[in-house]
Enquirer: 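I'd like to ask you about the structure that follows.
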Amino acid sequence: MAKVLMKGNEAVGAAAIEAGCKFFFGYPITPQNEIPEYMSRELPKVGGMFVQAESEIAAINMVYGAAGAGARVMTSSSSPGISLKQEGISYIAGAELPCVIVNMMRGGPGLGGIQPSQTDYFQATRGGGNGDYRLLVLAPADVQELVDLVIEGFDLADEYRNPVMILGDGMIGQMMEPVEFKEREKSFLPSKAWATTGTNGNRKPNIINSLYLNAEDLEKHNTNLQAKYKKMREKEVRVESYKIEDADIVISAYGTTARIAKTAIAKLEKEGYKVGLIRPISLFPYPYEEFNKIKDDCKGVLTVEMNTGQMIDDVKLALNGRIPAYFYGRTGGMVPTPEEIVEKVKEIYGGEK
Amino acid sequence: MAVVFEKTRGLTDVSTHYCPGCTHGIIHRLVAESLVELGVLDKSIGIAPVGCAVLAYNYFNCDMQEAAHGRAPAVATGVKRVNPDNFVFTYQGDGDLASIGTAEIVHAAHRGEKISTIFVNNAIYGMTGGQMAPTTLIGQKATTAPYGRDESLTGRPIRISEMLATIDGAKFVERVTVTTPAQIRKAKKAIKECFKIQIEGKGFGIVEVLSTCPTNWGYTPVEAIKWLEKNMIPYYPLGNFKKPEEGR
Ligand SMILES: Cc1ncc(C[n+]2csc(CCOP(=O)(O)OP(=O)(O)O)c2C)c(N)n1
Ligand code: SF4
């Protein structure tokens, strides 16, 4: 298919519809408004529906109801809105319902700002709502990947009966790039015998629920959830690596900052430095094992983020003290420049090459 | 022999957990009977609240979804929008609907969401042990209003039916109670009328049922009924606040 020039946020909407998403419930917040705007315009044309909810809390609970009723459904928001959605996300994870949630992150805490950030890494990968649950968290670095991951996200959500979060930021949502909707096999659409669609008098009632008053039952439910997350850890790790085996320094970054890191690496290579890159695409499950490929005498792994240091915790877990970990981050909506990263890498080299 | 009375198919065989004398049980039966009599049980999706009726999903003999505290109307919206041919109802307490979930119920009504709500008003938080509700009467004691509800501190009890009746999207609003056989019959009639509004695709309907909580009010079941009649009905008058005009 031909390439089309699309804004990230609109590409999210187009990809969702391509994946068979028929329902979208949302509430406006910058910098992701083009998503609900796109969905309100395009969903009615494919027999779907957009409803602007009264709040993010209502929106995510509409998603819960629609997912429980068996639909492919999506919502999107940005940081403060995602905070409000956490209640519903926890219930959706607890009730094991499939849906796609897009977070185009902006700076915080609180009302923060409207510029891009990566400050919700902990919230996305560790929970944010109550309880011991995980989302599949996918972090695209360009608009094409955004499209691909949204489409794949719907399949993964159905396969695991689990919410999938697409973790982008204001930068990726706002930038325009050519994208291609690749020919692909029709989405994997499993039958949803568990959905609440009415018994028609033919079967026992289906119940969508996350309440287990009996402690043993709740423990068993959690054990089952953990087994599911273990399967995700085994099967769903996604990572892009570049020249890590013989790198003197490895940069670790995801999403927007990974793009900038690539520019920095190109500059450094021209000057003769050997710098590799580990770009996690899935943030949960995290590609811990990729870091084992880095040689023991590597001078350090530099984590670059648009926050004050969140993913570096995972990098440190992966390195387990074997190699020194360094951090460079900007926050508040400031985006690290390639030059800043180059300088930081040279600092770690300590003058020698 | 002719069968004069039998348990409705609208309820499962699971015994309810409600306290002796609690009218939640009667209200369940009226809802279940109505679903069966209107022929919609097999295409019904019920949304259970957080509160004493949290386990309602075990009692109604139809598909059920359990919702977060107060969010049942939003969950019902999602269900109904996906499958408009399903009959979708929420069953909610006063803490659930009139406190944490006020935004959700007001906006579901406002959108004219084609769902039906059974609103059980017992003027207290039953499940969590008798704390004050937005519907608790002035002077009524609750564990978080140990000196009796004080208007200057927490305002006056909220009248949900009167408020929702002002919203265009709400097509049917009635307040009933279940204190006597005659009242129970009236309540059933209201519930069926309310459900018909959804079946006919007219919009949002709600029946508020004044209910007892003998356990947390600290009365016997009989005293609780008397207390409800003497104190709640004067403040929460029974009657229909809104229904579609004839022929519309
Ligand atoms: C977010 C959240 N806040 C608080 C609670 C605790 N909680 C459970 S039931 C309840 C009160 C329910 O009262 P009501 O809706 O009046 O129903 P009743 O128990 O009286 O039937 C509360 C506050 C909760 N489960 N979730
Ligand atoms: S606590 Fe009150 S409302 Fe709850 S079941 Fe007991 S009597 Fe009924």
Side-chain angles (χ1 to χ4, degrees), chain A residues 22-25 27 43 47-73 75 84-92 94-95 97 99 129-130 192 194-213, chain B residues 9-12 14 17 36 39-50 54-88 90 100-111 113 115 127:
Chain A
K22 285 278 188 319
F23 294 89
F24 185 94
F25 304 97
Y27 189 84
L43 273 176
M49 185 183 294
F50 161 82
V51 178
Q52 181 164 326
E54 65 270 26
S55 67
E56 285 86 352
I57 299 174
I60 193 73
N61 282 284
M62 290 174 189
V63 168
Y64 174 105
R72 278 209 156 170
V73 54
T75 187
L84 278 176
K85 287 196 161 104
Q86 293 301 337
E87 175 193 68
I89 294 173
S90 163
Y91 277 72
I92 292 171
L97 296 176
C99 69
N130 62 297
K192 297 184 177 178
W194 46 264
T196 56
T197 52
T199 64
N200 283 318
N202 300 329
R203 58 160 169 79
K204 281 192 178 164
N206 283 338
I207 297 172
I208 304 287
N209 182 31
S210 65
L211 178 71
Y212 295 82
L213 285 174
Chain B
R9 184 171 82 82
L11 293 174
T12 59
V14 180
H17 68 287
V36 172
V40 293
L41 179 72
D42 293 340
K43 59 171 190 171
S44 288
I45 321 293
I47 315 295
V50 163
V54 68
L55 295 178
Y57 55 77
N58 285 329
Y59 308 146
F60 288 107
N61 194 17
C62 61
D63 281 359
M64 296 288 295
Q65 290 200 20
E66 209 285 312
H69 198 24
R71 318 295 175 218
V75 174
T77 298
V79 174
K80 184 75 180 185
R81 295 298 181 121
V82 169
N83 294 320
D85 291 337
N86 281 146
F87 182 88
V88 183
T90 72
I100 191 169
T102 10
E104 282 77 7
I105 195 70
V106 165
H107 286 275
H110 166 68
R111 285 189 302 269
E113 217 57 70
I115 60 170
M127 184 183 223

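We name chains A, B, ... by the order of the sequence lines, and we start the count at 1 in each one. Atom set for the values below is all heavy atoms of this structure, side chains included, hydrogens, waters and symmetry mates excluded. This one's a predicted model, so the numbers in the text were calculated from it and none came from an experiment.
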Enquirer: Between CD1 of Ile47(B) and OG1 of Thr196(A), what distance do you get to the nearest 0.5 Å?
Expert: 6.5 Å
Enquirer: Under 4.5 Å heavy-atom distance to chain B, tell me which part of Phe23(A) shows up: side chain, backbone, both or neither.
Expert: side chain
Enquirer: Would you indicate whether the side-chain heavy atoms of Leu213(A) and Leu55(B) approach each other to under 4.5 Å?
Expert: yes
Enquirer: Quick one: SG on Cys62(B) to CG on Asn200(A), what's the gap to the nearest 0.5 Å?
Expert: 12.5 Å
Enquirer: Just so I understand: if I count every heavy-atom pair under 4.5 Å between each of Asp42(B), Thr12(B), Val54(B), Asp63(B) and chain A, which residue has the most?
Expert: Asp63(B)
Enquirer: Under 4.5 Å between any side-chain heavy atoms of Thr199(A) and Leu41(B), yes or no?
Expert: no
Enquirer: Which residues pass the side-chain contact (heavy atoms from CB on, under 4.5 Å) test with Ala53(A), sequence neighbours left out?
Expert: Ala58(A), Ala59(A), Met62(A)
Enquirer: Can you tell me how far NE2 of His69(B) sits from OH of Tyr91(A), rounded to the nearest 0.5 angstrom?
Expert: 8.5 Å
Enquirer: Rounded at 0.5 Å granularity, tell me how far OG1 in Thr77(B) sits from CG in Asn61(A).
Expert: 10.0 Å
Enquirer: Where does Asn61(B) contact chain A at under 4.5 Å (heavy atoms): side chain, backbone, both or neither?
Expert: both
Enquirer: Between the main-chain N or O of Glu66(B) and the side-chain N or O of Tyr64(A), is there a donor-acceptor pair closer than 3.5 Å?
Expert: yes
Enquirer: Rounded to the nearest 0.5 Å, what separates atom CG in Leu211(A) from atom CG in Asn58(B)?
Expert: 9.0 Å
Enquirer: For Ala67(B), is it the side chain, the backbone, both, or neither that has a heavy atom closer than 4.5 Å to a heavy atom of chain A?
Expert: backbone
Enquirer: Quick check on Val63(A) against chain B: is it the side chain, the backbone, both or neither that has a heavy atom closer than 4.5 Å?
Expert: neither
Enquirer: Could you have a look at Met64(B), Glu104(B), His110(B) and say which one has the most heavy-atom pairs with chain A under 4.5 angstrom?
Expert: Met64(B)
Enquirer: Which residue is it: Glu56(A), Glu87(A), Glu54(A)? I am looking for the one with a salt bridge (Lys or Arg N to Asp or Glu O under 4.0 Å) to Arg71(B).
Expert: Glu87(A)
Enquirer: Against chain A, label Arg111(B) side chain, backbone, both or neither, depending on which of its atoms sit under 4.5 Å from a heavy atom there.
Expert: side chain
Enquirer: What distance do Gln65(B) atom CD and Leu97(A) atom CG have between them, rounded to the nearest 0.5 Å?
Expert: 7.0 Å
Enquirer: How close do Val82(B) and Ala71(A) get, heavy atom to heavy atom, and via which atoms?
Expert: CG2-CB, 3.6 Å
